[in-house]
Amino acid sequence: MFTKFIRLMNNGKSRSLFEISELLGISPETAEAFIEYLSRKKMLSRVIYNAEELCGSNGCSHCSGCKGCDKSQSGKNVPKIWELNKKLN
Amino acid sequence: MTATLTNQPTIALLGQPNSGKSTLFNGLTGARQRVGNWPGKTVEKKEGHYDRNGLRYRVVDLPGSYSLSANSEEEIITRDYIASGQADVVCILADSSQLSRSLFMLADYAGMECPAILLLNLMDIAESQGKSVDAEKLEKKLGIPIVPFVAADRKKYDVFYAAVERALDEKKLVNADSLLENFHTIENGVFEKLLELLPNEGLESYSAHWLAIKLIEGDIAILEKIKSTLSEDNYRQIQSILSSIKNGALHTGGCKFKWVDELLSDTFVKKQERPLLSKFDRLATHRRFGKPLAILIILLGLVASFIPAAPIMFAGGLIPKLGEPIANALSAISAPQMLTDFINHVILNTLYFAVAMIGFVFGVNLVFGFLEEIGYMARVSYVFDGTMAKLGLQGKAVMPLVVSFGCTIGGAAGTRVIDSWAQRVLTIALAWVVPCAATWAIVPVLSSLFFGAWAPLIIVAIFLVAGIHMMITAKVFGSKLIRDEDRAGLIMELPPYHKPRWKALFRSIFVRTWDILSRALKVILIVSTVFWLLTYSASGSPDKTLLYRFGRAIEPATIIFGFTWQTFLAYLASMLSKEAALGVLGTLYLGAGTLFSATVGSGGEMAAGLSSVLLTSLTPPTALAFIFAVTFNAPCLMAITSTYQETRSLKWTLRILGYYFATSLILAFLAYHIASLIF
Ligand SMILES: Nc1nc2c(ncn2[C@@H]2O[C@H](COP(=O)(O)OP(=O)(O)OP(=O)(O)O)[C@@H](O)[C@H]2O)c(=O)[nH]1
């Protein structure tokens, strides 16, 4: 499964968790657990966008002075993104 | 009845953190527990007992660990204890609300030759999430007692006691046949090769296959352990096999998760989400249809934003009409003429623009806030991945681009997650194309002013041009910046759809609208004042001012690109901030114009307001050229500065700036000449 996973990741496409799970023939829950495992093994890492950076996503003209951004909420509707840490074949 | 102290069965509790081990341990042993350390270790050891049917059961709480690898002291203690044979039955706890994850422990345990039971703990939580497990079926597959369980509820421990007794009686091991089949798929047949070299009977309670898997995972402790049981030749062969393995733990992990998935595939049921929504999601994330759908929804959103905007824009249009009564009132109290002029030409204009913007800013924020709140915007970023790849961008550049819809500065800062400098610069260069919130505030005002009901069409045109612009820009910058870098794949977990929390949504929309508005008010006021002063002449004729003379001098050149000298200066000002363009335009046309006419005596024009002055002074082609030029000009001074900060390259910042200056002029030129053919 890992070999197939790496093949899917190495062609440079972004895939949703759902798509990955379908391609690997497992449930989205298992796919998520597997991804978490691979992150634990430092093969994948989460891409974390700073809350302040994302805060502009809804149209504050200016992040520094903007009070419209609820930091606790920002990022809630942003996809969780993982990327491959190193190139594998 | 006192329990017999001889023949005390020992139960070891095994589970990942938070699987409920401590809860069960406390529930079983109550006050009958002892806390010490594992021999020679600093790790806490908890032991206790419970009595049942005349028998005393010892309970050992094994240290919480994710798996049985050699990643931590806890994991080594745990597996050594099990292998030593001191436990009569191992009770594996799994969190039923996340079985895929927590059954990994079971997969890692399979191959240990000690009878086990599986407690599907936290069943109450799982049920509340609409999840259920067919324990009987699972038991058939695994061969060991399976117990749906709630450790927090001590009244229902009977099922546990019964399962322990059964396990002690039947002494069944986890059936790992299908797991072994998975292990056989590991590349180059390393699993079989190792099995051939390892002692058939394994070592202690470790079966041969368990040992082989640990070796593939690069487990040094296990290699050391088995060394003494192997002939020198076998040991050397094993070492040579191991040296050929890359990412062993990832391969075995894949097999284990696959096995877990097979176990759950027909035993685990999760209540289906709303079917209509999942149908929509299939479409929204479809490789082919997702993108046109997203474009359609965004365009409809932008156009729909005109609905709340139109009446407010109309109301804003009445503000300049206040000029005449104010002028009359001021002259009645014989206020200085300059004050009257200032109020009429700077204050009222500023207010007019600000009010005209409110509706649209509110509308855009409402529509996009709503789309984001329900979780749709995340899908948009996902479906545009293919486009991003074509532009030469990494997948994770999508968020900075989406953020740029709000603010280019945020977009530039968002590129920090991109490791490659060249990719970062390219992403920023492209983020400049994305019209920011300020653009979405002023462009509709200008389009409505000049094109009335056709304004939404201008918005659509801008959107399309932005798309083409991005393609060209990516080519221009990409050829210099990207050196055949491989694009790493990404995985995106899209947030679930949910109902909007209207209160929070509206609160943030109001704050954001106010944020944009107050900034616009400030910028327009300052810029208007400066330009008003520059064109103010005591003689009453702005024609004589330096700015006018300069303007007239450059006009023959600017008109080639479709600019009057006034719109050209406004275009230049938009590089500082988009709103500034409105300030300049207002002052140069209405301010100076009416100052001129007011002093020569035709006060009527003043009341007519800016819109009619602009409409009579600018032809549709010049207006269109201006709109395009401002939209695709450099976003603002702050964005230029943050581009410099993020790229740390003056050369590239200036290149990007120069490129946008040139392309916005070209776009103005094209818009002007094409529109001239039509209008
Ligand atoms: N609702 C519910 N909660 C439970 C159940 N079992 C345990 N919990 C709760 O889950 C949390 C974690 O349980 P613990 O017993 O501390 O888990 P643990 O496996 O010992 O975790 P570590 O101490 O980290 O190893 C606690 O808040 C418990 O109260 C259960 O069956 N149902």
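Predicted, not measured: the structure shown is a model, and the values here were computed from it. Quick note: numbers below take in every heavy atom, side chains included, and nothing from hydrogens, waters or symmetry partners.
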Answer whether the closest heavy-atom distance between the side chains of [X] and [Y] falls below 4.5 Å.
{"X": "B:Met399", "Y": "A:Pro79", "answer": "yes"}
{"X": "B:Met492", "Y": "A:Lys80", "answer": "no"}
{"X": "A:Val47", "Y": "B:Gln394", "answer": "no"}
{"X": "B:Ile491", "Y": "A:Ile35", "answer": "yes"}
{"X": "A:Glu19", "Y": "B:Tyr382", "answer": "yes"}

Could you tell me the separation between the NZ atom of B:Lys246 and the CD1 atom of A:Ile6, rounded to the nearest 0.5 Å?
-> 10.0 Å
Reported CD-to-CD1 distance for the pair A:Glu83 and B:Ile418, which is rounded to 0.5 angstrom = 9.5 Å
For A:Ser16, which of B:Asp385, B:Leu494, B:Leu490, B:Val383 qualifies under side-chain contact (heavy atoms from CB on, under 4.5 Å)?
-> B:Leu494
Can you tell which part of [X] gets under 4.5 Å to a heavy atom of chain A, answering side chain, backbone, both or neither?
{"X": "B:Glu187", "value": "side chain"}
{"X": "B:Ala389", "value": "neither"}
{"X": "B:Asn71", "value": "side chain"}
{"X": "B:Thr285", "value": "neither"}

With sequence neighbours left out, what residues match A:Phe18 under ring pair (Phe, Tyr, Trp, His ring centres under 6.0 Å)?
-> none
With B:Phe104, which residues qualify under ring pair (Phe, Tyr, Trp, His ring centres under 6.0 Å), at least two apart?
-> A:Tyr37, B:Tyr66, B:Phe257
Does a side-chain N-to-carboxylate-O contact under 4.0 Å join A:Glu29 and B:Lys270?
-> yes
Is the shortest distance from a Lys or Arg side-chain nitrogen in A:Glu22 or B:Arg287 to a carboxylate oxygen in the other one below 4.0 Å?
-> no
Heavy-atom nearest pair, B:Gly395 first then A:Ser14, reads CA-OG, 3.7 Å
Would you find a donor on one side and an acceptor on the other, under 3.5 Å apart, between the side chain of B:Asp261 and the backbone of A:Thr30?
-> no
Among B:Lys396, B:Lys258, B:Arg379, which has the most heavy-atom pairs under 4.5 Å with chain A?
-> B:Lys396
Given side-chain contact (heavy atoms from CB on, under 4.5 Å), test A:Ser27 with B:Ser265 step by step and report yes or no.
-> CA-CA 8 Å; A:Ser27 71; B:Ser265 63; over 6 Å; no
Per-residue contact mode, A:Leu8 against chain B (heavy atom under 4.5 angstrom) = neither
